Amino acid sequence: MADLITKILQPATTYDLMSLAEIKLVLNIATTDTSNDAELAQLITRFSDVVSVTCHRVFAKETVAETWRCIQSNRVFLTHFPALITDIQSVECPRGTFLDSTGWEFEEQSGKLELQVGMSDPVVVTYIGGYDLPDAAPQALKQATELMILEYRAILARLEMGGVRSISHKEARVMYFDPLAFLNKAGGLGWGTANALLMRYTRLEC
């Protein structure tokens, strides 16, 4: 397994995968209703981080310098992807020896950088990579974050009901709606579906 050190040169301003307006649209909350903004913003940040941890990567666009050692082949997979070839600021192999564009090839979508010269540790790549969040986040990541938030809120709603399913008094009867049970009957929406969506975006150790 390659040894990697990542140095953040310019961090992102936000790591949220959804905007407040997007989650309000999902929850059918008017944009003019700000009563739950703080809670919703916290949930977006929290579950965006859950998605990031699950996928073992940072999705936000940042400028980074990655130093690779003990590489088993002539290629490295950058941690912040996608990136454009024009986002690659420099490639050093070894450190201090800067390669021109003929010394390497880059696959933008996967973040794979393949060296065309002999390997010599360490390899240092300085580049800009990731998505402009939250607007440019892939729809699948937004959907996964949304499902996690919906299931979390459904669990809270069930806890607030305290197991009460209905209340009757004389001819009157009030039935309580269980949002979590509805999600399960709808095909297991929530964490299971979210994790299936995230498989495509998970970064594997190389």
Side-chain angles (χ1 to χ4, degrees), residues 6 8 10-64 66 77-87 106-112 127-160 177-206:
T6 301
I8 307 299
Q10 185 174 340
T13 56
T14 181
Y15 298 89
D16 291 350
L17 293 168
M18 298 184 69
S19 67
L20 196 58
E22 286 175 314
I23 196 62
K24 282 186 173 182
L25 181 63
V26 171
L27 298 174
N28 197 26
I29 297 175
T31 55
T32 53
D33 182 356
T34 61
S35 60
N36 296 309
D37 280 9
E39 176 193 357
L40 294 176
Q42 182 185 60
L43 290 178
I44 290 172
T45 299
R46 179 180 301 169
F47 286 104
S48 293
D49 185 62
V50 170
V51 169
S52 178
V53 170
T54 301
C55 294
H56 195 225
R57 57 181 285 200
V58 174
F59 290 102
K61 180 171 287 189
E62 297 183 313
T63 303
V64 300
E66 295 182 348
F77 288 86
L78 305 182
T79 64
H80 286 55
F81 60 94
L84 299 176
I85 193 168
T86 53
D87 291 327
F106 183 61
E107 188 176 80
E108 296 182 337
Q109 191 59 35
S110 68
K112 180 177 71 174
Y127 68 100
I128 302 170
Y131 299 100
D132 284 316
L133 299 183
D135 293 344
Q139 294 302 310
L141 294 182
K142 290 181 181 290
Q143 180 73 5
T145 308
E146 172 188 313
L147 289 171
M148 290 180 179
I149 292 174
L150 287 174
E151 185 164 297
Y152 175 79
R153 286 170 58 90
I155 291 172
L156 288 184
R158 171 180 280 187
L159 291 175
E160 289 174 358
F177 170 70
D178 186 345
L180 190 59
F182 175 78
L183 286 175
N184 290 332
K185 288 181 180 179
L189 296 179
W191 286 83
T193 303
N195 285 331
L197 289 169
L198 297 180
M199 289 179 62
R200 164 68 175 77
Y201 295 91
T202 299
R203 184 177 75 86
L204 303 177
E205 290 283 1
C206 57

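Values below: all heavy atoms of this structure, side chains included; hydrogens, waters and symmetry mates excluded. Predicted model, so just to flag it, every value in this text is computed and none were measured.
- Side-chain atoms of Leu141 and Leu197, non-hydrogen and from C-beta on, never get closer than 4.5 Å to each other.
- The nearest pair of heavy atoms linking Ala12 to Glu62 is N-OE2, 3.1 Å.
- Between Val51 and Tyr201 there is no side-chain heavy-atom pair separated by less than 4.5 Å.
- Here the CD-CD1 distance, from Glu66 to Ile8, works out to 8.0 Å after rounding to the nearest 0.5 Å.
- Nearest approach of Ala83 to Gly129, heavy atoms of both residues: CB-CA, 4.0 Å.
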Given side chain to side chain contact (heavy atoms under 4.5 Å, CB included), test Leu78 with Phe106 step by step and report yes or no. CA-CA 10 Å; Leu78 305 182; Phe106 183 61; 3.7 Å; yes
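- Between the side chain of Lys24 and the main chain of Asp33, a donor-acceptor pair closer than 3.5 Å is present.
- Residues Ala136 and Tyr131 share a closest heavy-atom pair of O-CD2, 3.5 Å.
- Phe47 is listed as a side-chain neighbour of Val50, based on a closest heavy-atom distance under 4.5 Å.
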Can you check side chain to side chain contact (heavy atoms under 4.5 Å, CB included) on Val64 and Val58, steps first, answer last? CA-CA 11 Å; Val64 300; Val58 174; over 6 Å; no
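- The distance from the CZ atom of Arg46 to the OG1 atom of Thr145 is 13.5 Å, given to the nearest 0.5 Å.
- With rounding to the nearest 0.5 Å, the separation of CG in Asp16 from CG in Leu133 is 8.0 Å.
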Walk me through it: do Ile149 and Val26 pass the test side chain to side chain contact (heavy atoms under 4.5 Å, CB included)? CA-CA 10 Å; Ile149 292 174; Val26 171; over 6 Å; no
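- From Thr54, atom OG1 reaches atom NE2 of His56 across 11.5 Å, with rounding to the nearest 0.5 Å.
- Side chain of Ser19 to main chain of Glu22: a donor-acceptor pair is present (N/O by atom type, distance under 3.5 Å, no hydrogens or angles).
- In this structure, the side chain of Ser48 engages the main chain of Leu17 through a donor-acceptor pair within 3.5 Å.
- With hydrogens and angles disregarded, no donor-acceptor distance shorter than 3.5 Å links the side chain of Glu108 to the backbone of Leu84.
- At least one donor-acceptor pair closer than 3.5 Å links the side chain of Arg57 to the backbone N or O of Phe81.
- Looking at His80 and Tyr127, their side chains come closer than 4.5 Å, going by heavy atoms from C-beta outward.
- One finds the CG atom of Leu43 at 13.0 Å from the CD atom of Glu146 (value rounded to the nearest 0.5 Å).
- How far CE of Met18 is from CD1 of Ile23: 4.0 Å, rounded to the nearest 0.5 Å.
- Of all the heavy atoms in Lys142 and Ala137, the pair that sits closest is CE-O, 3.5 Å.
- Between Ala60 and Tyr15, the shortest heavy-atom distance links the atoms CB-CD2, 3.6 Å.
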